[in-house]
Amino acid sequence: MSFPLLTATAVLPAVGAVATAAVPAARRTVAKWLALLVSLATLALAIVVMVRFDPGGARYQLTESHAWISDFGVRYELGVDGIAVALLALTALLIPFIILAGWNDADPLETGSKRWRPTQGFFALILAVEAMVIISFEATDVFLFYIFFEAMLIPMYFLIGGFGDRAHAQGEEAASTQRSYAAVKFLLYNLVGGLIMLAAVIGLYTVSGNFSLAEIAQARANGTLHMATSTERWLFLGFFFAFAVKAPLWPLHTWLPNAMQESTAPVAVLITAVVDKVGTFAMLRFCLQLFPEASKWATPTILVLALISIIYGALLAVGQRDIKRLVAYASISHFGFIILGIFAMTSQGQSGATLYMVNHGISTAALMLVAGFLISRRGSRLIADYGGVQKVAPVLAGTFLIGGLATLSLPGLAPFVSEFLVLVGTFTRYPAIGIIATFGIVLAALYTLVLYQRTMTGPVKPAVSAMPDLKARELVVVAPLIVLLIFLGVYPKPVTDIVNPAVKQTMSDVHKTDPKPAVEAAK
């Protein structure tokens with residue numbers, strides 16, 4: 001039997017989570033280093049997956065299949081296509097930086113505090129989330145995917161509610177109340193979406209007789225599995241609703257600003273750069289592949305919702321006074337672009353959407369982690385409490401600027417390529433929507449540059465006059481992300497080569513081809 005590489009990528013962080021949690025309370029530093037080493041080993045396995053994956057080979061590779069709950073047709077089936085490989089690599093890449101950035105975030109609070117912060121639990125929960133996200137990207141059994149799609153809510157709930165941001169102006173008791181509210185809101189929204197999806201999963205089994213993604217898709221393609229139009233549409237809506245909550249798509253987005261505001265910066269990155277990607281990934285893997293006709297039927301409505309997310313998220317980002325809420329609303333706008341690209345039903349749009357998932361993860365991590373370093377120094381999330389930071393901490397200000405420029409998709413940085421592809425792919429089929437979506441770029445420039453101007457330029461405020469610049473550990477976190485943003489902005493080919501064959505297969509699933517140019521090119 002060949003080595004179960006995909007299982008290993010998920011089991012390693014899961015085992016690491018248990019081992020980290022078991023470290024004695026007096027050995028906090030040991031728990032930190034153990035978590036970091038496990039995350040680096042997981043990254044090494046993810047690199048092996050990328051190396052062994054053949055973009056020109058079978059759709060699902062490195063597959064594993066074992067009987068699990070035979071009476072109900074549930075199997076332990078794993079396999080990755082190019083889209084899953086790219087997102088698996090993104091997840092494994094970001095977790096070590098998240099751990100390093102949060103190195104001191106879960107240390108005990110000051111003497112006399114009523115709240116105890118178990119350091120080991122913080123890092124164990126991060127590894128648990130990593131394991132569940134990875135297996136969600138790998139699962140090709142619908143029921144197996146559902147289990148981990150829902151299970152990741154548990155560690156995320158404790159990370160939001162138990163390890164919140166210390167920069168809170170209203171005191172510890174008020175901060176604890178707001179953290180609890182944000183955590184419960186996150187959990188309830190996603191649980192409701194998951195319960196609706198569970199009903200759709202059961203309905204899919206009733207219609208098809210099994211949970212295997214490959215078998216169901218093949219039966220649909222061969223004409224041996226017939227779904228009534230109304231049945232397919234209801235099942236599609238059940239799946240899509242859960243994924244839209246996770247993504248998050250307007251109007252199901254309202255849990256995200258609260259969750260990101262009350263979380264530590266590393267946990268906020270974990271939410272929007274890692275966990276939320278499961279929602280958009282699942283739209284490609286499950287909605288389009290299992291319900292192609294219903295996907296086309298719902299496309300006009302979804303495109304309008306995505307467009308609203310783009311403009312609405314950007315407009316609210318412009319008016320924010322809290323740095324973390326600004327990044328949260330910017331992410332809602334960016335996820336609107338991703339969903340727009342998916343449902344534009346063009347190869348450029350879907351390639352751009354997949355690339356956007358990767359690039360958004362890197363750019364948001366860079367911006368939010370630097371913002372976290374800034375907030376930890378000043379002790380405030382409010383934009384008005386800053387000013388002139390670039391004069392006292394130029395490296396911090398410079399990295400913050402690059403992260404911000406990536407967020408507004410400046411040419412030469414990674415998100416520009418993906419946003420450009422999404423807009424081109426949308427415009428070729430839906431020109432009006434493509435034109436309106438471009439206003440999101442203008443608004444992104446506004447909220448990003450205003451944020452930088454108000455925090456980093458101008459007179460130095462007394463409260464930031466002694467602010468230290470980035471330290472060695474913080475530079476180790478930020479510098480590789482900046483390098484990746486520049487590299488993928490200039491040369492995105494390594495990622496597009498992996499994802500493009502999978503995009504073509506997805507386009508084939510929904511029986512769509514790219515529109516012909518309105519004007520033929522001159523010969």
Engineer: Could you measure the distance from the CD1 atom of I154 to the CE atom of M152? Nearest 0.5 Å is fine.
Structural biologist: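 It is 11.0 Å, given to the nearest 0.5 Å.
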Engineer: Which heavy atom of S309 sits nearest to which heavy atom of L249, and what is that distance?
Structural biologist: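 So the two residues come closest at OG-CD1, 3.4 Å.
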Engineer: Test ring-ring contact (aromatic ring centres under 6.0 Å, His included) on Y157 and F186; report intermediate values, then the result.
Structural biologist: CA-CA 7 Å; Y157 169 81; F186 161 82; 8.0 Å; no
Engineer: Distance only, no hydrogens: is a donor on one side chain within 3.5 Å (strictly under) of an acceptor on the other, for T7 and E64?
Structural biologist: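 Checked: T7/E64 side chains pair up, N/O donor to acceptor below 3.5 Å.
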Engineer: May I ask you to check whether over 12 heavy atoms, not counting those of R52, lie within 6.0 Å of atom CZ?
Structural biologist: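 No, not enclosed.
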Engineer: Using modelled atom types only, decide if a donor and an acceptor are shared between the side chain of R429 and the backbone of T346 within a distance under 3.5 Å.
Structural biologist: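 No.
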Engineer: Without swapping roles, check the side chain of T426 against the backbone of G434 for a donor-acceptor pair under 3.5 Å.
Structural biologist: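 Such a contact is absent between T426 side chain and G434 backbone.
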Engineer: Can you tell me how far CG of L443 sits from OG1 of T438, rounded to the nearest 0.5 angstrom?
Structural biologist: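 Those atoms lie 10.0 Å apart.
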Engineer: Are W68 and Y76 close enough that their ring centers fall under 6.0 Å?
Structural biologist: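 They do not qualify: ring centres at least 6.0 Å apart.
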Engineer: Does K246 make a cation-pi contact with F149, if we ask for NZ or CZ under 6.0 Å from the ring centre and within 45° of the axis?
Structural biologist: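 Yes.
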Engineer: Would you check if P415 and H334 make a side-chain contact, meaning some heavy-atom pair closer than 4.5 Å?
Structural biologist: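 Side chain of P415 against side chain of H334, heavy atoms only: no contact under 4.5 Å found.
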Engineer: Determine whether V129 and L125 make a side-chain contact, defined as any pair of heavy atoms from C-beta on separated by less than 4.5 Å.
Structural biologist: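 Counting from C-beta outward, V129 and L125 never come under 4.5 Å.
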Engineer: Check whether the side chains of S65 and R75 place a donor and an acceptor atom closer than 3.5 Å, and report yes or no.
Structural biologist: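 R75 and S65 do have a side-chain donor-acceptor pair below 3.5 Å.
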Engineer: With a 4.5 Å heavy-atom cut-off, do I95 and T42 have their side chains touching?
Structural biologist: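 They are not in side-chain contact.
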Engineer: Would a 4.5 Å heavy-atom cut-off, applied to side chains only, mark I202 and L198 as touching?
Structural biologist: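 Yes, side chains in contact.
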Engineer: Can you confirm whether L159 sits close enough to S263 that some side-chain heavy atom of one is under 4.5 Å from a side-chain heavy atom of the other?
Structural biologist: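 They are not in side-chain contact.
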Engineer: Knowing that exactly one of L355, V495, V483, L413 qualifies, which makes a side-chain contact (heavy atoms from CB on, under 4.5 Å) with L488?
Structural biologist: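 With L488 as partner, L355, V495, V483, L413 yield a single side-chain contact (heavy atoms from CB on, under 4.5 Å), made by V495.
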Engineer: Can you confirm whether the side chains of S212 and D141 place a donor and an acceptor under 3.5 Å from each other?
Structural biologist: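 Absent: no donor and acceptor within the cut-off.
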Engineer: Can you tell if the side chain of L93 reaches within under 4.5 Å of the side chain of L484, non-hydrogen atoms only?
Structural biologist: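 The answer is yes, as the side chains (C-beta and beyond) meet within the 4.5 Å cut-off.
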Engineer: Might you point out which heavy atoms bring A353 and V422 nearest each other, and give the distance in Å?
Structural biologist: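 Minimum heavy-atom contact is N-CG2, 3.6 Å.
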Engineer: If every non-hydrogen atom of G82 is compared with every non-hydrogen atom of V499, which pair is closest and at what distance?
Structural biologist: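 Distance-wise, the nearest heavy atoms are O-CG1, 3.8 Å.
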Engineer: Would V478 and F373 satisfy side chain to side chain contact (heavy atoms under 4.5 Å, CB included), going step by step from the backbone distance to the final call?
Structural biologist: CA-CA 10 Å; V478 176; F373 299 149; 3.7 Å; yes
Engineer: Which pair of non-hydrogen atoms, one from Q289 and one from P292, has the smallest distance, and what is that distance?
Structural biologist: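 Minimum heavy-atom contact is O-CD, 3.8 Å.
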Engineer: Just by modelled atom types, is the A268 backbone N or O under 3.5 Å from a matching donor or acceptor in the T272 side chain?
Structural biologist: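 Pair absent, no side-chain N/O of T272 close to backbone of A268.
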Engineer: Keeping the roles fixed (side chain from R59, backbone from A214), state whether a donor-acceptor pair exists under 3.5 Å.
Structural biologist: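 No; zero donor-acceptor contacts below 3.5 Å.
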Engineer: Aromatic ring centroids of F335 and H253 under 6.0 Å?
Structural biologist: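 Ring centroids of F335 and H253 are no less than 6.0 Å from each other.
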Engineer: Using modelled atom types only, decide if a donor and an acceptor are shared between the side chain of Y205 and the backbone of A200 within a distance under 3.5 Å.
Structural biologist: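 No: the side chain of Y205 does not pair with the backbone of A200.
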Engineer: Just do the side chain to side chain contact (heavy atoms under 4.5 Å, CB included) check on I342 and T354 with the steps written out, would you?
Structural biologist: CA-CA 8 Å; I342 292 171; T354 305; over 6 Å; no
Engineer: L410 and F416: which non-hydrogen atoms are nearest, and at how many Å?
Structural biologist: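 Smallest heavy-atom distance, with atoms named: O-CB, 3.5 Å.
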Engineer: Check whether D81 reaches the backbone of A502 with its side chain - one donor and one acceptor, N or O, closer than 3.5 Å.
Structural biologist: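 Here the side-chain-to-backbone pair does not exist.
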Engineer: Scan side-chain atoms only and decide if T506 and Q350 contain a donor-acceptor pair under the 3.5 Å cut-off.
Structural biologist: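 Short answer, no.
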Engineer: Pair K277, V358 - check side chain to side chain contact (heavy atoms under 4.5 Å, CB included), show working.
Structural biologist: CA-CA 9 Å; K277 297 299 187 300; V358 175; over 6 Å; no
Engineer: May I ask you to test the T280-L284 pair for a side-chain heavy-atom distance under 4.5 Å?
Structural biologist: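 No - every pair of side-chain heavy atoms lies 4.5 Å or more apart.
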Engineer: Taking all atoms of both residues into account, what is the closest heavy-atom pair of D276 and P248, and its distance?
Structural biologist: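 That closest heavy-atom pairing would be OD2-CD, 3.8 Å.
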Engineer: Look at the aromatic rings of F243 and F286 and report parallel, tilted or perpendicular, splitting at 30° and 60°.
Structural biologist: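 Rings of F243 and F286: tilted, 30 to 60°.
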Engineer: As an exercise, state the distance from NZ of K296 to CZ of F291, rounded to the nearest 0.5 Å.
Structural biologist: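 It is 15.0 Å, given to the nearest 0.5 Å.
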Engineer: Tell me, do W33 and L36 make a side-chain contact under 4.5 Å, heavy atoms counted?
Structural biologist: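 Heavy-atom side-chain distance check passes, below 4.5 Å.
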Engineer: Sort out for me which residue in W234, W297, F343 forms a ring-ring contact (aromatic ring centres under 6.0 Å, His included) with F240.
Structural biologist: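 The option that passes is F343.
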Engineer: Should the ring pair F143 and F211 be called parallel, tilted or perpendicular, given that the plane angle runs from 0 to 90° and is split at 30 and 60?
Structural biologist: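 F143 vs F211 ring planes: tilted.
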Engineer: Supply the atom-to-atom distance E130 CD to L270 CG, rounded to the nearest 0.5 angstrom.
Structural biologist: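 Taking CD in E130 and CG in L270, the distance rounds to 9.0 Å.
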Engineer: Is there a donor-acceptor pair closer than 3.5 Å between any side-chain N or O of T448 and the backbone N or O of A445?
Structural biologist: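 No; zero donor-acceptor contacts below 3.5 Å.
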Engineer: Using 0.5 Å steps for rounding, measure from the CG atom of L127 to the CE atom of M132.
Structural biologist: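 L127 CG to M132 CE: 11.5 Å, rounded to 0.5 Å.
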Engineer: For F241, is the CZ atom crowded, meaning more than 12 foreign heavy atoms sit under 6.0 Å from it?
Structural biologist: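 More than 12 heavy atoms, drawn from other residues, nucleotides or ligands, come within 6.0 Å of this atom.
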Engineer: Treating T231 as the side-chain partner and M227 as the backbone partner, does any N or O pair qualify as donor plus acceptor under 3.5 Å?
Structural biologist: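 The answer is no, because no donor-acceptor pair under 3.5 Å joins these two groups.
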Engineer: Side-chain donor-acceptor pair under 3.5 Å between T407 and Y447, yes or no?
Structural biologist: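 No, no side-chain donor-acceptor contact under 3.5 Å.
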Engineer: Give the C-alpha distance, both sets of side-chain angles, the deciding distance and a yes or no for side chain to side chain contact (heavy atoms under 4.5 Å, CB included) between L78 and T63.
Structural biologist: CA-CA 5 Å; L78 305 180; T63 55; over 6 Å; no
Engineer: Nearest 0.5 Å, please: how far is CD1 in I135 from CG in L144?
Structural biologist: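 Interatomic distance, L144 CG to I135 CD1, rounded to 0.5 Å: 5.0 Å.
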Engineer: Would you find a donor on one side and an acceptor on the other, under 3.5 Å apart, between the side chain of S351 and the backbone of Q348?
Structural biologist: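 Between the backbone of Q348 and the side chain of S351 there is no qualifying donor-acceptor contact (under 3.5 Å).
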